J.: 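Pasting a structure here, questions to come.
Bear in mind that the values here come from a model prediction, so they are computed numbers and not experimental data. We number each residue from 1, following the sequence as shown.
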Amino acid sequence: MSASPRVFVTGVSGYVGGHTVMRIIEKHPEWTVVALVRNEEQNSIVHARWPKIETVIGDLDDKKLMIKEGSKADVVLQTASADHIPGVLSLIEGLSQRYPTSGYLIHVAGTGMLNDVPNGFGQPSTKVYSDISDLKEITSFPLENHVHRDVDMALLEAQKKFAVPTAIVSPPMIHGVGKGPLKTRSIQVPFFIEATLKRGKGFQVLEGQNVWDQTHIDDIASAFMLLVEEALKPNGGKADWGQQGYYFVAADQFKWADVAEAVSKIASDQGLMSSTAVDKLSVADASALHPWAPLIWGGNCRSRSDRIEKLGWKAKGPRFQESLPAMIAAEVKTLGTQSSKTTFDK
């Protein structure tokens with residue numbers, strides 16, 4: 001690797017990317033961090049936060065730019081989208097052109113791909129997927145009903161074609177207010193808080209006993225940083241790459257009824273709602289609040305982080321209950337002004 005490792009980051013304006021870049025710059029000021037920004041406005045905001053950071057203006061659709069930046073990077077940290085196939089393929093092609101050896105790609109995905117409702121929405125599932133013992137099943141899911149799977153498949157095919165070492169990092173529900181320069185909001189819980197405040201009463205999908213995993217944003221950032229550190233070691237360090245390079249990053253499990261109860265109590269205590277009661281909504285009624293409600297609030301996505309824990313990663317952050325007051329306060333400030341779209345909206 002070069003004397004000053006070059007890390008190209010997509011998604012610095014986003015929740016995960018912005019927070020991760022903050023942690024990288026804090027721990028590794030010796031690295032050359034190059035951030036993709038969409039326009040001059042983002043460029044100014046990012047440079048105001050980190051004057052020494054390098055920036056490139058463009059987006060994942062700019063194939064020539066992605067190939068060019070990939071060819072110059074020791075590591076590409078792709079956090080802009082879990083669902084952008086052309087951008088991922090261009091970055092891999094670029095990384096394959098790096099001299100004298102290919103650079104490394106670390107790509108964000110998500111455990112929504114594991115969605116499992118054997119007993120119906122709002123009911124628990126006992127299946128917990130290991131990123132080691134269940135890898136063959138995870139990388140063989142059909143495209144239908146498995147979000148992000150199409151990108152994972154395209155990435156792994158391109159990885160073989162171009163012989164570029166890759167890692168797919170698949171976070172669960174992420175909580176905590178981010179500390180990046182632009183977007184500081186996650187997806188599932190902020191969308192849930194917003195929907196609860198707008199309807200003026202708590203809700204859950206049917207019985208709300210469905211189970212997801214949770215991880216604090218700081219722990220997600222530490223996982224990405226650990227993999228970048230390994231990639232910069234000779235032969236990719238002790239990390240697994242390519243067809244074996246699949247990483248879950250789960251801390252604790254939780255039931256969505258617990259989220260509904262906690263949000264309703266905090267909102268009621270703060271005078272934002274008149275009751276702590278939680279309604280049991282049908283799938284159709286929940287879907288009227290958000291089109292992806294069955295997946296993001298009503299299904300089961302359970303994972304075990306066996307592979308990254310072998311590298312020494314361990315979640316240290318708080319549980320979602322400790323993050324909720326700040327997350328609710330953030331939603332109150334911006335209620336009705338933020339997008340509720342997901343990267344897997346087609």
Side-chain angles (χ1 to χ4, degrees), residues 1 5 7-35 49-50 53 73-80 82 104-111 130-132 165-189 212-233 236-241 245-254 303-323 326-327:
M1 293 296 175
V7 181
F8 179 56
V9 183
T10 70
V12 70
S13 63
Y15 174 62
V16 171
H19 197 96
T20 301
V21 167
M22 177 193 69
R23 293 303 185 209
I24 285 175
I25 289 174
E26 286 176 350
K27 186 176 181 182
H28 291 288
E30 75 279 12
W31 292 358
T32 298
V33 178
V34 184
R49 178 71 174 273
W50 301 304
I53 199 171
D74 295 311
V75 182
V76 171
L77 182 55
Q78 199 298 106
T79 66
Y104 288 72
L105 174 72
I106 303 168
H107 166 80
V108 69
T111 61
S130 162
D131 52 14
I132 294 179
T166 60
I168 298 172
V169 180
S170 200
M173 182 275 276
I174 313 174
H175 62 92
V177 176
K179 296 180 180 178
L182 287 153
K183 186 180 177 184
T184 60
R185 184 187 195 226
S186 186
I187 296 175
Q188 288 166 275
V189 172
W212 269 70
D213 306 305
Q214 59 174 314
T215 306
H216 188 266
I217 181 62
D218 251 344
D219 289 320
I220 298 299
S222 73
F224 277 111
M225 184 156 55
L226 173 59
L227 286 171
V228 177
E229 290 170 340
E230 290 299 309
L232 293 173
K233 295 176 182 177
K238 295 181 180 179
D240 292 324
W241 303 96
Y246 202 101
Y247 296 85
F248 290 136
V249 280
D252 301 311
Q253 67 178 30
F254 70 97
S303 61
R304 201 168 65 235
S305 315
D306 295 333
R307 196 176 300 276
I308 200 160
E309 288 180 2
K310 288 199 308 176
L311 295 176
W313 179 87
K314 189 170 180 60
K316 300 176 182 177
R319 291 176 58 83
F320 79 84
Q321 289 91 337
E322 296 173 59
S323 295
M327 295 178 78

J.: Tell me the closest heavy-atom pair linking Gln214 and Phe320, and the distance in Å.
T.: OE1-N, 2.7 Å
J.: Can you tell which of Ile168, Ile308, Ile132 makes a side chain to side chain contact (heavy atoms under 4.5 Å, CB included) with Tyr246?
T.: Ile168
J.: Indicate yes or no for a side-chain donor-acceptor contact from Thr20 to the backbone of Gly17 under 3.5 Å, with no hydrogens or angles considered.
T.: no
J.: Enter the distance from Ile217:CD1 to Arg185:CZ here, rounded to the nearest 0.5 Å.
T.: 14.5 Å
J.: Does the Glu230 side chain pair with the main chain of Lys238, one donor and one acceptor, at a distance under 3.5 Å?
T.: yes
J.: Hey, does Val108 have a side-chain heavy atom less than 4.5 Å from the side chain of Pro171?
T.: yes
J.: Could you go step by step and tell me if Trp313 and Ser305 meet the side-chain hydrogen bond (donor to acceptor under 3.5 Å, both in side chains) rule?
T.: CA-CA 9 Å; Trp313 179 87; Ser305 315; over 6 Å; no
J.: Hey, what do you get for OH (Tyr15) to CD1 (Ile187), rounding to the nearest 0.5 Å?
T.: 9.5 Å
J.: Show, in sequence, the C-alpha distance, side-chain angles and deciding distance for Asp306 and Asp131, and conclude whether the side chain to side chain contact (heavy atoms under 4.5 Å, CB included) test is met.
T.: CA-CA 6 Å; Asp306 295 333; Asp131 52 14; 3.5 Å; yes
J.: Nearest 0.5 Å, please: how far is CE in Met173 from CH2 in Trp212?
T.: 9.0 Å
J.: Please name all residues satisfying salt bridge (Lys or Arg N to Asp or Glu O under 4.0 Å) with Arg307, sequence neighbours left out, ordered by chain then number.
T.: Asp240
J.: With a 4.5 Å heavy-atom cut-off, do Val7 and Asp74 have their side chains touching?
T.: no
J.: Do Ile24 and Trp31 have side chains that get closer than 4.5 Å, going by heavy atoms?
T.: yes
J.: Would you confirm whether the ring centroid of Trp241 sits within less than 6.0 angstrom of the ring centroid of Tyr104?
T.: yes
J.: Is there a side chain to side chain contact (heavy atoms under 4.5 Å, CB included) between Asp252 and Arg319? Walk through the geometry before answering.
T.: CA-CA 8 Å; Asp252 301 311; Arg319 291 176 58 83; 2.9 Å; yes
J.: May I have the step-by-step check of side chain to side chain contact (heavy atoms under 4.5 Å, CB included) for Ser323 and His216, ending in yes or no?
T.: CA-CA 8 Å; Ser323 295; His216 188 266; 3.6 Å; yes
J.: Quick one: closest heavy-atom pair of Gly18 and Trp50, and the distance?
T.: O-CH2, 3.7 Å
J.: I'd like to know whether Glu229 forms a side-chain hydrogen bond (donor to acceptor under 3.5 Å, both in side chains) with His28, so could you lay out the CA-CA distance, the side-chain angles of the two residues, the decisive distance to 0.1 Å, and finally the verdict.
T.: CA-CA 10 Å; Glu229 290 170 340; His28 291 288; 2.6 Å; yes
J.: Can you find a heavy atom in the side chain of Phe248 that is under 4.5 Å from one in the side chain of Val169?
T.: no
J.: Please find the pair of heavy atoms, one from Ala82 and one from Ala109, that lie closest to each other, and give the distance.
T.: CB-CA, 3.8 Å
J.: I'd like to know if Arg23 pairs up with Asp218 as an ion pair, taking the criterion as any Lys NZ or Arg NE/NH1/NH2 lying under 4.0 Å from an Asp or Glu carboxylate oxygen.
T.: yes
J.: Has Thr215 got a side-chain atom pairing as donor or acceptor with Val249's backbone, closer than 3.5 angstrom?
T.: yes
J.: Check whether any side-chain heavy atom of Arg304 lies under 4.5 Å from a side-chain heavy atom of Glu309, and answer yes or no.
T.: no
J.: Are the side chain of Ser186 and the backbone of His175 linked by a donor-acceptor contact shorter than 3.5 Å?
T.: no
J.: Could you tell me the separation between the CD1 atom of Ile174 and the CG atom of Asp219, rounded to the nearest 0.5 Å?
T.: 10.5 Å
J.: Take atom NZ of Lys179 as the centre, draw a 6.0 Å sphere, and report whether it contains more than 12 heavy atoms from other residues, nucleotides or ligands.
T.: no
J.: Would you say Asp213's side chain and Ala250's backbone share a donor-acceptor pair under 3.5 angstrom?
T.: no
J.: Just to verify, what does Gln321 make a side chain to side chain donor-acceptor pair (under 3.5 Å) with, not counting sequence neighbours?
T.: none
J.: With the side chain counted from C-beta on, respond yes when Ile106 and Phe224 share a heavy-atom pair under 4.5 Å apart, and no when they do not.
T.: yes
J.: Say you draw a straight line from CE of Met327 to OG1 of Thr184; how long is it, rounded to the nearest 0.5 Å?
T.: 9.5 Å
J.: Which atom pair, heavy atoms only, marks the closest approach of Ala35 to Ile53?
T.: CB-CD1, 3.9 Å
J.: Check the pair Leu226 / Val228 against side chain to side chain contact (heavy atoms under 4.5 Å, CB included), numbers first and verdict last.
T.: CA-CA 5 Å; Leu226 173 59; Val228 177; over 6 Å; no
J.: Once you round to the nearest 0.5 Å, how far does CG of Leu227 lie from CG of Leu105?
T.: 11.0 Å
